[in-house]
Amino acid sequence: MSFSERILTWYAAHKRALPWRETKNPYVIWLSEIILQQTRVEQGMPYFLRFFETFPNVTKFAAAEESEILRLWQGLGYYSRARNMHRASKQVVELHAGDFPTAYQALLELPGVGEYTAAAIAAFSKNSPHAVLDGNVFRVLSRYFGIHEPINSTAGKKLFSKLAQEMLDRDHPGDYNQAIMDFGALQCKPKNPDCSTCVLQIDCVAYQGSLVDQLPVKLKGKKSRDRFFHYFVIEKEGEVMMSQRGEGDVWANLFEFPMLETTERLAVDQLMENEAYQQLFGDAVPAVLGAEVKHLLSHQNIYARFYKLPAESLQITKKREWNYYLLENLDKLAKHKLISSFVEQNF
DNA sequence: AAAACGGGGAA
DNA sequence: TTCCCAGTTTT
C-alpha cells in the first residue's frame, strides 16, 4: 500500500467528528481554519461554535462591529486574527459580492490567510489539489522520511512544502489533508507517538532507525524578555477607568486598566519615585491589590501588579485613550486575559 | 532570515 | 520548565 492509501485507511477508522467537517461551505471552513491557527482543536471548538452561531454567513460577519468580533474572540489569543478576519470578510463582500472565494490564489489575497489556510479551504471546499502543511504534516513527513532539516528554517519550509505536495493524494485532496493532520494529532504525536500500532511502521525511517524522538528538528527561538506592568484600578461612582492599548505591541486595541511599564520590578516606594507615576498621581499612595501576577506569553514574561488609587488623586484629565466605564458594561469591552482574569476575581 | 504575536495543555 | 498547537505578518 502507498503512503496515502495507508493514511486514508487509518483515517477511515479513526477520524474525529468535527463540526467543520460536515460542510463544504468555504466561509464556515475559513472560520474554523483561522480559529485553529496555532490553537488546539479543543481550545478552538467553543469559539468556532460561538462565531458560527453569531455570524452564519460572511455578510453578517462583515456587518458586525469590530468591537463585537474582538469581544467574541476574547481569551483566544493572537488577536490580529480577529481583526484580519473582519477585514477579510469586508473584502469578500466588496470584491466577491459576498461569494466566499475557493480558489487558492484568490484566498491568499485575504488578510490572515496564508499558504496553509488557502490550501485547506481550497481542498476542503472544492477538493482542489493543494497540500496543507501544518505542524502535524511537518512532523509526520520528517519522521516518515527521516528528514533532519529544521522545519522552521527557510530551506526546511521549502523542502517540506514540495514534499507535502508530492505526497498529496490527488484523487482525494480534501480527505487526504484531513487524514494526515488527524494522523499527526492522534497517532504520530509530538511526545510518545504510538509507533507500536502505526500503519506506517514498516516504511518509517525514524521508527526503523530509532530516531522518532529526535524528529522533527526545530531551531530554537530567542528567549523571552521580562516586562513589568503596573495597573491602576481607579473607580468613581460605579465606574472604572479603562485604557485602550494602541497598535505595535502585544494585545493591540484591547482594553485594560491604565498602566505604567517599567524595566525593573518596583516596590511601592520605588514606584512612587517614578516620574511618570508622579505626573499621574502626584504623591498619592497606591494600595497594593494582591500578589504579583506572572503572565507568560510565547515571547515575553509579564509581571503585573495591581494597585487601587482614589479617583481624586488623578492629575491628568485628558488622556485620549482613557475613559470611565460603568462597571456593568465592563464585559462589553474586549480585554486580554491578564485583565479579564483580574476583573472576574475582583468585580 | 528572524522576530512578533496569546493562551493553554501535556510531560 | 519546555514544547507545541489545523500559522501569518512584520521587521
Side-chain angles (χ1 to χ4, degrees), chain A residues 15-16 18-21 29-48 70 73-85 87-88 107-124 130-140 150-158 160-161 164 174 176-186 188-193 213 215-225 227 245 247-254 294-302 334-341:
Chain A
K15 74 177 280 190
R16 289 179 285 185
L18 302 172
W20 47 87
R21 283 181 174 165
I29 296 168
W30 167 75
L31 223 46
S32 71
E33 292 302 339
I34 304 290
I35 287 172
L36 263 20
Q37 285 170 6
Q38 293 292 286
T39 304
R40 278 167 297 101
V41 166
E42 313 83 75
Q43 190 188 358
M45 182 75 76
Y47 287 86
F48 169 78
L70 276 173
W73 197 269
Q74 188 171 184
L76 193 56
Y78 285 158
Y79 297 90
S80 67
R81 288 184 292 174
R83 291 191 302 277
N84 282 151
M85 279 180 104
R87 290 172 52 207
L107 287 162
L108 273 185
E109 299 290 318
L110 301 175
V113 175
E115 290 181 357
Y116 163 80
T117 306
I121 299 174
F124 299 151
H130 295 277
V132 295
L133 181 53
D134 74 333
N136 294 304
V137 179
F138 273 118
R139 186 168 56 254
V140 172
I151 60 173
N152 55 345
S153 68
T154 302
K157 286 179 203 160
K158 204 170 155 187
F160 281 98
S161 175
Y176 170 84
N177 278 334
Q178 297 281 14
I180 192 169
M181 288 195 286
D182 255 8
F183 184 80
L186 302 175
C188 195
K189 298 173 291 185
K191 306 267 180 67
N192 307 114
D213 58 347
L215 294 173
V217 174
K218 194 170 185 179
L219 267 19
K220 297 213 186 305
K222 222 182 65 167
K223 67 172 180 187
S224 313
R225 65 181 168 127
R227 303 177 74 176
R245 294 180 63 84
E247 312 259 1
D249 195 359
V250 72
W251 299 320
N253 301 350
L254 298 198
K294 185 176 181 180
H295 191 85
L296 301 174
L297 305 182
S298 48
H299 52 292
Q300 47 187 285
N301 308 321
I302 293 171
K335 301 171 287 295
H336 53 82
K337 198 68 187 183
L338 180 50
I339 296 300
S340 62
S341 298

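In what follows, chains are A, B, ... by sequence order, proteins preceding strands, each numbered from 1. Note that this is a predicted model, so its numbers are computed, not measured.
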Residue whose closest nucleotide on DNA chain B lies nearer the 5' end, A:Ser153 versus A:Asp249: A:Ser153

Taking for each residue the nucleotide of DNA chain B bearing the nearest heavy atom, is the 5' side occupied by A:Gly221 or by A:Gly75? A:Gly221

Leading and trailing nucleotides of DNA chain B with any atom under 4.0 Å from heavy atoms of chain A: B:dA1 to B:dG9

Can you name the nearest heavy-atom pair linking [X] to [Y], along with the distance?
| X | Y | value |
| --- | --- | --- |
| A:Ala88 | A:Trp30 | CB-CZ2, 3.9 Å |
| A:His336 | A:Tyr79 | CA-OH, 4.1 Å |
| A:Ala119 | A:Ala131 | CB-O, 3.6 Å |
| A:Val140 | A:Cys188 | CG2-CB, 4.0 Å |

Kindly write out the residues that satisfy side-chain contact (heavy atoms from CB on, under 4.5 Å) with A:Tyr116, not counting sequence neighbours, or none if the list is empty. A:Glu33, A:Ala120, A:Val132, A:Asp134, A:Met181

[N] and [M]: how far apart are their [atom1] atoms, nearest whole angstrom?
| N | M | atom1 | result |
| --- | --- | --- | --- |
| B:dG6 | C:dT10 | P | 13 Å |
| C:dC4 | B:dC5 | C1' | 15 Å |
| B:dA1 | C:dC5 | P | 22 Å |
| C:dA6 | B:dA11 | P | 14 Å |

Heavy atoms only, 4.0 Å cut-off, all strands: where does [X] land among base, sugar-phosphate and nothing?
| X | answer |
| --- | --- |
| A:Gly44 | nothing |
| A:Asn177 | nothing |
| A:Val132 | nothing |

Consider side-chain contact (heavy atoms from CB on, under 4.5 Å). Of A:Trp20, A:Tyr47, A:Phe48, which one does A:Leu36 pass it with? A:Trp20

A:Asp182/A:Lys15 salt bridge by N-O under 4.0 Å criterion: no

For nucleotides 5-11 of chain C, just jot down a letter per nucleotide in 5' to 3' order: B, S or -, based on protein non-hydrogen atoms under 4.0 Å. BBBSS--

Assess whether atom CD of A:Glu115 is packed by more than 12 heavy atoms of other residues, nucleotides or ligands within 6.0 Å. no

Mind calculating the distance between NZ (A:Lys220) and C1' (C:dC3) to the nearest angstrom? 8 Å

Hydrogens and angles aside, do A:Arg81 and A:Gln37 bring a side-chain donor and acceptor to less than 3.5 Å of each other? no

